[in-house]
Protein chains: 2
Amino acid sequence: MSRSNPRVLSTLERAGGFASAQEIYRLMQREGESIGLTTVYRSLQSLVNDKIVDVLRRDDGEAIYRLCGDAHHHHLVCKACGDTVEIEGGAIEKWAKVMAEEHGFRDVGHTAEIFGICSKC
Amino acid sequence: MSRSNPRVLSTLERAGGFASAQEIYRLMQREGESIGLTTVYRSLQSLVNDKIVDVLRRDDGEAIYRLCGDAHHHHLVCKACGDTVEIEGGAIEKWAKVMAEEHGFRDVGHTAEIFGICSKC
DNA sequence: GTGGGAATGAAAATCATTTTCATTTGTGAT
DNA sequence: ATCACAAATGAAAATGATTTTCATTCCCAC
Ligand SMILES: [Zn+2]
Ligand SMILES: [Zn+2]
Ligand SMILES: [Zn+2]
Ligand SMILES: [Zn+2]
């Protein structure tokens, strides 16, 4: 395993904490930073392993990465500008637990995201 | 747009209502059905458009399709055998609405899935 | 039977991601 | 400073899913 190149994380931050590997690579190029695409991918993987960033998928399947606090939480994402609010999901946690028990599931986890248009857009 | 080839849907059913395009294609081949991969993809797209199947993503980004009732609902999925239970999400619906309002979002939608190990596994 | 649009599928093109592998860089000991 | 060796880097090739192209086949209304 390799350690994350700090410039990748810093670029992800500058991107609003929300970008794909290809986007980060193009962004760094445009800003004159010399880096290889491979290193961008490797750094992102490492950041995901260390749970410093979160990975999810665009509709087209491309992986997007975002900076993320470490406590369990959910997201409210603007479909227009990408702005993301971390929200706490008390109701969901309970719902997931109840539903799982009701159907005899164990070792359960869950995902939940809300998306819409933010007030600025 | 093209109409879905009925054999694709029937194969998806036989697969337990849970498979990727490639898997459906390989399954049909193994069973001696003559079909092109392109047609499998086109049929699945069309089924998704018609909201007859649901699409989501494996961790590796491959799209998987599954048969799905048409009313809004959520899923409880077994990580081991893939068994899926459709569940209703009253608590989620309310949570999503409240959170969105609280942060000034409009036109909101949401996703929520629970995954774990079912009682049979 | 004929004409034209829809359906089909083989092959090529796309595109993100991973793998390979040779080169460079950093570090620590001598 | 020199050497040795491990980690980091990146160019290029490989992979694999999905989409596009395009020529052919099917089907149906007339
Ligand atoms: Zn916005
Ligand atoms: Zn939660
Ligand atoms: Zn199971
Ligand atoms: Zn819902």
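Chain A is the first sequence line, chain B the second, and so forth, proteins listed ahead of strands; every chain is numbered from 1.
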Legend entry - Length of the CD1-P vector between Ile35(B) and dA10(C), whole Å: 10 Å
Inset, instruction - Nearest 0.5 Å please: distance from the CG atom of Leu56(B) over to the CD atom of Glu62(B). - result: 11.5 Å
Inset, instruction - Would you mind classifying the nucleic acid contact of Asn5(A) as base, sugar-phosphate or nothing, using non-hydrogen atoms under 4.0 angstrom? - result: sugar-phosphate
Inset, instruction - Look at all strands and tell whether Ser34(B) reaches a base, only sugar-phosphate, or nothing, counting heavy atoms closer than 4.0 Å. - result: sugar-phosphate
Legend entry - Check: Val77(A) main-chain N/O paired with Thr84(A) side-chain donor or acceptor under 3.5 Å: no
Inset, instruction - With rounding to the nearest 0.5 Å, note down the distance linking CD1 in Ile117(B) to SG in Cys78(B). - result: 5.0 Å
Inset, instruction - Calculate the interatomic distance between Gln29(A) atom CD and dG10(D) atom P; express it in whole Å. - result: 10 Å
Legend entry - Residue pair Leu67(B) / Asp54(B), side-chain heavy-atom distance below 4.5 Å: no
Inset, instruction - Flag yes if more than 12 heavy atoms outside Asp60(A) fall under 6.0 Å of its CG atom; otherwise flag no. - result: yes
Expected rows: protein N/O vs nucleotides 27-29 of chain D N/O, under 3.5 Å:
none

Legend entry - Name of the residue among His110(A), Glu86(A), Glu88(A) meeting side-chain hydrogen bond (donor to acceptor under 3.5 Å, both in side chains) with His74(A): His110(A)
Inset, instruction - Taking Thr39(B) for its side chain and Ile35(B) for its backbone only, find out whether a donor-acceptor pair lies under 3.5 Å. - result: no
Inset, instruction - Begin from the C-alpha positions of Arg14(B) and Glu31(B) and carry the test salt bridge (Lys or Arg N to Asp or Glu O under 4.0 Å) through to its verdict. - result: CA-CA 12 Å; Arg14(B) 227 169 325 112; Glu31(B) 294 178 351; 2.5 Å; yes
Restricting to nitrogen or oxygen on both sides, can you table the protein-nucleotides 16-22 of chain C pairs closer than 3.5 Å?
unit_1	atom_1	unit_2	atom_2	d
dT17(C)	OP1	Ala63(A)	N	2.9
dT17(C)	OP2	Tyr41(A)	OH	2.6
dT17(C)	O5'	Tyr41(A)	OH	3.3

Inset, instruction - Would you mind reading off the distance between Asp60(B) atom CG and dT18(D) atom P, rounded to a whole angstrom? - result: 9 Å
Inset, instruction - Using a strict 4.0 Å threshold on nitrogen-to-oxygen distance, state whether Glu23(A) and Arg66(A) make a salt bridge. - result: no
Inset, instruction - Mind checking the CD1-CG spacing from Ile52(B) to Leu9(B)? Nearest 0.5 Å is all I need. - result: 7.0 Å
Please tabulate the protein-to-nucleotide N/O contacts below 3.5 Å involving nucleotides 23-26 of chain C, giving atom names and distances.
none

Legend entry - side-chain contact (heavy atoms from CB on, under 4.5 Å) between Lys97(A) and Glu93(A), worked out: CA-CA 6 Å; Lys97(A) 203 162 96 161; Glu93(A) 316 305 321; over 6 Å; no
